[in-house]
Amino acid sequence: MSSALGLYTVLSVFIPEDTAMKIALILPGTFLLFWLWAALTAKAAEDDVPPSLPKSGLFTAWPFFTTQFDFLAKGFTLTGQSIYQFQLLYCKVVVLSGEPARRDFFAARGLDLHEGFRLLSGAMPMQPGVTSEITVQRVHQMFKRLTALQNSDRLSRLVPHILDDTARIMQSWGTSGTINLFEDIHHLVFQTSVRCLASTELADDPAMVLRLKSLYDTIDSHATPASVLLPWLPSWGAIRRLWATKEIYDIVCSTINHRLQSGISRDDTLQLLLDNADHKMVSVGFIMGFLAAGARSTGTTASWLITFLSGDRHWRQQAAAEVRQLLFHTAAVAAACDSPPAPLSGLGTLLASIPLETWEGSTPVLDALIRETLRLAEPHNAMRKNTGPALKLGGKTVPTGAFVLYPFSDAHLSAELYPDPWRFDPARPESKMPCAYVAWGTGKYICMGQRLAKVELKLITAMFVLGFDFCAVDRTGRALEALPRPDWNDTLTCKPPKDSCFLKFQRVPT
């Protein structure tokens, strides 16, 4: 009241008293309302911003790349929130969890998958004249070709070749022995991936397949925080990654040039790419990129699927019974058995007689095994960059230019969605909650190569369960009492501790 009287006294000197009185009464109230509005708006804006981790810089960057699963889980604990942010050197990263944020994330527009993956995953490095020529437009073209590769006709023709490669590599193991699943199965899947995603010339050259795998392993093993965040820094790891990338590029280009010069047309992926007359970098990028992604993810899944079966006789028998049932109902089996086949190549011939539609639509046990393996052993974090305007995810604002990360562990290892989440249980019912299973993507983001991956996994698993009796053992050959857990800090291959698990096998009659 005193402020109003003081204002009235001042104003009455210059304007009529009744006007001065009205202004003196109205103006303080107006200022009070404005102040309250500003305070409430600021509080609302503050509530929209995810809380930040206390540390940033190198102390954040290093554990993010080396122990990512633990780092992200610790962030939720430190902030006490389901959404938080941290600074990764010059990049702001928003980490999401919970059903509302998960649903918003997979439905959001303006989130760029390729930009997010390139920075946060330690993927193939950018190299002038090599990977720098793979533009966003060319990436879209590659996905079109990937879809064409997986049409039913082409995929049916690939099945016998996948089984031939699988039989040849399994045959090289001998009739009994011990293998390292996370090396030997990865090698097997890399071979089938070269067959499916590259060219006949490369797939038919075992030495070249091994060389390519070694180069991709070099890129993966030297993906340090420094080489990813500071690619211009000439560290030994960065140089090794660039050199390996250039050598892969040279091998792929040489293969393309040789095919063009020979004038020979083959029924393979390279021919599909060439027949569409795409820019050369579409063909190069397709083979380099999808070979890395396909072999790595499918190899990890196959390794863990066989590992889980090696410790679970019930599901091993269920899978074998399902495949035998498929063979029993296939009329071509009799024709395939007219002449005595070689042990594993003969099994491959039998399995190749099963139609593609049967593999895809009549294998509920194999489908359940793949689904549960992916839930337990896919330590993936979906990564995006917000290239559009600021948007709300889970009630929090993600500004333009920020990176967004959603860890699959939030859904797949949730005790609420999956009781006893670390237990391998292919019979567990599917959760009815939205976006509760995201292994193949969901919403706007679906794995474009899942059809091929599923077929590969089913064929390899079928060869295993019908061709071998096997169990998990330690390095001394003694049966393991319990299988190791997938290491979610190993975001590339999810391998268990070194030398903790091997596969002892014995070839059995088909």
Side-chain angles (χ1 to χ4, degrees), residues 162-163 166-167 169-171 173-186 188-189 192 298-330 343-344 346-348 350-351 354 358-359 362-378 420 422-429 439 453-474 477-486 494-496 500-510:
I162 296 172
L163 288 166
T166 302
I169 290 178
M170 288 181 173
Q171 195 78 38
W173 299 341
T175 57
S176 64
T178 302
I179 61 171
N180 185 328
L181 273 171
F182 294 89
E183 292 180 5
D184 294 285
I185 300 298
H186 268 275
L188 191 162
V189 173
T192 61
T298 307
T300 296
T301 305
S303 298
W304 274 108
L305 199 162
I306 301 302
T307 297
F308 290 139
L309 288 179
S310 71
D312 196 318
R313 179 174 292 275
H314 167 74
W315 284 105
R316 203 158 65 237
Q317 292 173 342
Q318 290 290 306
E322 179 172 84
V323 179
R324 288 195 185 96
Q325 192 70 8
L326 298 183
L327 288 172
F328 179 77
H329 289 291
T330 302
L344 282 169
L347 176 57
L350 292 176
L351 295 175
I354 300 172
T358 302
W359 282 113
S362 302
T363 54
V365 173
L366 293 179
D367 286 328
L369 291 172
I370 292 170
R371 178 184 175 86
E372 182 71 347
T373 299
L374 285 169
R375 184 190 69 78
L376 269 172
E378 188 184 34
D420 193 5
W422 285 105
R423 180 169 57 90
F424 179 71
D425 181 14
R428 70 169 71 239
K454 287 179 181 178
V455 170
E456 280 189 90
L457 289 167
K458 289 180 180 182
L459 297 176
I460 292 170
T461 303
M463 289 286 287
F464 251 103
V465 296
L466 290 190
F468 299 99
D469 185 20
F470 56 94
C471 67
V473 298
D474 62 18
R478 286 191 288 187
L480 291 177
E481 295 182 3
L483 294 177
R485 278 187 180 181
C494 206
K495 291 179 181 178
S500 64
C501 182
F502 297 86
L503 189 81
K504 185 177 182 180
F505 68 91
Q506 175 71 48
R507 180 77 173 90
V508 297
T510 303

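Reckoned from all heavy atoms, side chains included, excluding hydrogens, waters and symmetry mates.
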Discussion item. Checking F308 now: which residues fulfil ring pair (Phe, Tyr, Trp, His ring centres under 6.0 Å) with it, not counting sequence neighbours?
Written reply: W304, F424
Practice prompt. Check whether any side-chain heavy atom of W315 lies under 4.5 Å from a side-chain heavy atom of L369, and answer yes or no.
Written response: yes
Discussion item. The criterion is side chain to side chain contact (heavy atoms under 4.5 Å, CB included); which residues satisfy it with T175, sequence neighbours excluded?
Written reply: R507
Practice prompt. Check S303 against T307 and note the closest heavy-atom contact, atom names and distance.
Written response: O-OG1, 2.7 Å
Worksheet item: What closest approach, in Å, do G348 and L163 show between heavy atoms, and which atom pair accounts for it?
Response: O-CD1, 3.5 Å
Worksheet item: How long is the gap from CD1 on I370 to CG on L305, to the nearest 0.5 Å?
Response: 6.5 Å
Discussion item. Would you compute the distance between atom CG of L326 and atom CD1 of I354 and round it to the nearest 0.5 angstrom?
Written reply: 4.5 Å
Worksheet entry | Within 6.0 Å of CZ in R423, more than 12 heavy atoms from elsewhere | yes
Fill in: Residue pair S176 / F468, side-chain heavy-atom distance below 4.5 Å
no
Worksheet entry | Shortest non-hydrogen contact from L466 toward V508 | O-CG2, 3.6 Å
Worksheet item: What residues, two or more places apart in sequence or in another chain, satisfy side chain to side chain contact (heavy atoms under 4.5 Å, CB included) together with E322?
Response: T363, P364, V365, L366
Discussion item. Return the CD1 to CE distance between I179 and M170, rounded to the nearest 0.5 Å.
Written reply: 8.0 Å
Discussion item. Would you compute the distance between atom CD1 of I460 and atom CG of L351 and round it to the nearest 0.5 angstrom?
Written reply: 12.0 Å
Item to complete: Considering non-hydrogen atoms only, spot the tightest contact between V189 and T192 and give its length.
Response: O-OG1, 2.9 Å
Practice prompt. Provide the full list of salt bridge (charged side-chain N to carboxylate O under 4.0 Å, His left out) pairs with a residue in residues 455-470, sequence neighbours left out, each pair given once.
Written response: D367-K458
Worksheet item: R428: what forms a salt bridge (charged side-chain N to carboxylate O under 4.0 Å, His left out) with it, not counting sequence neighbours?
Response: E372
Discussion item. Going by the rule side chain to side chain contact (heavy atoms under 4.5 Å, CB included), which residues pair with N180 if we only count those two or more places apart in sequence or in a different chain?
Written reply: F182, E183, D184, F502
Worksheet item: To the nearest 0.5 Å, what is the distance between CD1 (I169) and CG (L344)?
Response: 12.0 Å
Discussion item. Atom NZ of residue position K454 - does it have more than 12 heavy atoms of other residues, nucleotides or ligands inside 6.0 Å?
Written reply: yes
Discussion item. My understanding is that only one of L181, L309, T178 makes a side-chain contact (heavy atoms from CB on, under 4.5 Å) with L503; could you say which?
Written reply: L181
Worksheet item: What's the spacing between T166 OG1 and L347 CG if we round to 0.5 Å?
Response: 10.0 Å
Fill in: Over all atoms of both residues, closest heavy-atom pair of C494 and T300
CB-CG2, 4.0 Å
Worksheet item: Under 30°, 30 to 60°, or over 60°: which ring-plane class applies to W173 and F464, parallel, tilted or perpendicular?
Response: tilted
Discussion item. Show the nearest heavy-atom pair for residues I185 and A302, with the distance to one decimal.
Written reply: CG2-CB, 3.7 Å
